[in-house]
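Report on one structure; see the data block that follows.
Just follow the structure's listing: the first ligand is 1, and inside any ligand the first atom is 1. When reading the values below, keep in mind they use all heavy atoms of this one structure, side chains included, and skip hydrogens, waters and symmetry mates.
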Amino acid sequence: MSKRVGITITEHILSRQRENPEATGAFTNLLHELIVAAKVISREVNKAGLVDILGGTGQINVQEEAVQKLDVFANRVIIERMRHVGQLCCMGSEELADPIEIPAAYPKGNYILLFDPLDGSSNIDVNVSIGTIFGIYKKISEDKAKDFLLCDLLQPGYKQVAAGYFIYGSSTIMVYTTGDGVHGFTLYPSVGEFLLSHDNIRIPSKGKIYSVNEGNYPYWDEKTRALVDYFKGMGKESSKPYTSRYVGSLVADFHRNLLKGGIFMYPADRKDPRKPSGKLRLMVEANPLAMVVQQAGGYASDGRGPILKIDPKDLHQRVPLYIGSKEDVELAESFLSGRISSLSPSR
Ligand code: AHG
Ligand code: MN
Ligand code: MN
């Protein structure tokens, strides 16, 4: 148990700021406000069954998905809180087609916030863990006449200066990285503070858990099927299979595998011709978690190469995602590239 366990997230961020001579406090301010937004969302999630915040809004979002009331609430809380912080030049949300401008009345800054305000929406009404995912970039455009350009939002994931997520589950946990390891904080509800609970998280290099929606099996190509069959111990020789765990909230499946080891997969599938690359979004889901997992010693791939090196073409582009223990994800790449076609898990 590290001696630092129990320090507040604020002290943790400030200690990083003190170690960073050119830090201006802008980033600390930005992260702190995001934490306040998450506390507000967490409070609403924890009483969701008692207020009119459950269920659908009847609307369809840019992802062509039914919008849940909590999606709208979380999106609004983050936007309204973050736009007056004075540290952002723009934002991008999974819920909104276009970049979110900072109103003229508010000061601007040099950071960009990309976020999935509520991940795992299908689980909101059934009390399964859900979350918020975020990635933060530095502005790169230099057009003085514009607060931002699209290139500021469409940066490859390795350019993120910070990334992380909040899970609203049996407890509310924040996990984040600024490029110096991965740290987890648990919300102490009666105090209203996030306290360090997981100092310097490291993911096992190889796991025993695989996470995938097997209901998509009929829509996968042969290589994807061979890969999942491998994890099920159905390789040519019979051997000990991995354990299957899938709750349907990326942030919860990812967090479990981060702590215990394993691989989460959302492969490309033929289920919807409009989404040939699968369901998950590069900018607001894959890139932030790819930074976190890499900082924890793991790896994230689109099946061919690093997620973090993908040059984004669109704010809402989807990408196949294989993320978790490095050896498991590298093995997935071997199957999907055709370098191996079937192996027993005992290798
Ligand atoms: P979101 O609620 O932000 O749309 O994300 C839902 C995602 C992700 O959380 C999860 O891993 C995946 O949808 C589950 O998809 P399936 O139900 O198709 O398995
Ligand atoms: Mn999501
Ligand atoms: Mn979402």
Point to revise | side chain to side chain contact (heavy atoms under 4.5 Å, CB included) partner of E285, the single match among I307, L114, L250 | key: L250

Review point. So is S249 close enough to ligand 1, meaning a heavy atom under 4.0 angstrom away?
Key: yes

**Study point:** atom 10 (C) of ligand 1 - nearest protein heavy atom and its distance
**Key:** G248 O, 3.3 Å

Review point. Can the ring centroids of F194 and Y188 be said to lie less than 6.0 angstrom from one another?
Key: no

Revision key, fill the gap. Among non-hydrogen protein atoms, atom 15 (O) of ligand 1 lies closest to K279 NZ, 3.0 Å

Check your understanding: Does some non-hydrogen atom of L280 fall short of 4.0 Å from ligand 1?
Key -> yes

**Study point:** Winner among E214, R281, K271 once heavy atoms are compared against atom 4 (O) of ligand 1
**Key:** R281

Review point. What is the distance from atom CD of E101 to atom OH of Y106, rounded to the nearest 0.5 Å?
Key: 14.0 Å

**Study point:** N, O or S atom within E94 nearest to the Mn ion (ligand 3), by name
**Key:** OE1

Review point. Hey, is V284 one of the residues with a heavy atom under 4.0 angstrom from ligand 1?
Key: no

Study note, to complete from the structure: Counting from 1 in the order shown, the ligand 1 atoms closer than 4.0 Å to a non-hydrogen atom of N213 are 16 (P), 18 (O), 19 (O)

Review point. Hey, do the aromatic rings of Y230 and F335 have their centres closer than 6.0 Å?
Key: yes

Check your understanding: For the ring pair F134 and F166, is the centre-to-centre distance below 6.0 Å?
Key -> yes

**Study point:** F73 vs L70, side-chain contact (heavy atoms from CB on, under 4.5 Å): CA-CA, chis, key distance, verdict
**Key:** CA-CA 5 Å; F73 174 80; L70 210 50; 4.1 Å; yes

Study note, to complete from the structure: Checking heavy atoms under 4.0 Å, the part of D119 that sits near ligand 1 is both

Check your understanding: Which atoms from ligand 1 have a heavy atom of D116 less than 4.0 Å away?
Key -> 3 (O)

Check your understanding: So, do Y168 and I41 sit near enough that their side-chain heavy atoms are less than 4.5 Å apart?
Key -> yes

Check your understanding: Can you check side-chain contact (heavy atoms from CB on, under 4.5 Å) on I112 and K139, steps first, answer last?
Key -> CA-CA 6 Å; I112 293 96; K139 181 180 176 183; 4.0 Å; yes

Point to revise | Partner of I100 under side chain to side chain contact (heavy atoms under 4.5 Å, CB included), chosen from M82, E95, M91 | key: M91

Review point. What part of F264 sits under 4.0 Å from ligand 1 if we count only heavy atoms: the side chain, the backbone, both or neither?
Key: side chain

Review point. Hey, is R18 close enough to E11 for a salt bridge, meaning N to O under 4.0 Å?
Key: yes

Point to revise | Partner of H183 by side chain to side chain donor-acceptor pair (under 3.5 Å), out of Q295, H198, R16 | key: R16

**Study point:** N, O or S atom of L118 closer to the Mn ion (ligand 3) than 2.8 Å
**Key:** yes

Revision key, fill the gap. Checking heavy atoms under 4.0 Å, the part of L250 that sits near ligand 1 is both

Revision key, fill the gap. Atoms of ligand 1 under 4.0 Å from any heavy atom of S121, numbered from 1 in the order shown, are 2 (O)

Exercise for review: State, to the nearest 10 degrees, the angle whose vertex is the Mn ion (ligand 2) and whose arms point to OE2 of E285 and OD2 of D116.
Suggested key: 110°

Point to revise | D119, N/O/S atom nearest the Mn ion (ligand 2) | key: OD1

Check your understanding: Can an N or O of E94 be found at a distance shorter than 3.5 Å from an N or O of ligand 1?
Key -> yes

Practice item. Anything under 30° is parallel, anything over 60° is perpendicular, the rest tilted; go ahead and classify F264 against Y246. Key: parallel

Practice item. For atom 18 (O) of ligand 1, find the nearest protein heavy atom and state the residue, atom name and distance (0.1 Å precision). Key: Y266 OH, 2.6 Å

Exercise for review: Return the residue, atom name and 0.1 Å-rounded distance of the protein heavy atom closest to atom 14 (C) of ligand 1.
Suggested key: Y246 OH, 3.4 Å

Review point. Which atoms of ligand 1 are found less than 4.0 Å from any heavy atom of E285?
Key: 3 (O), 5 (O)

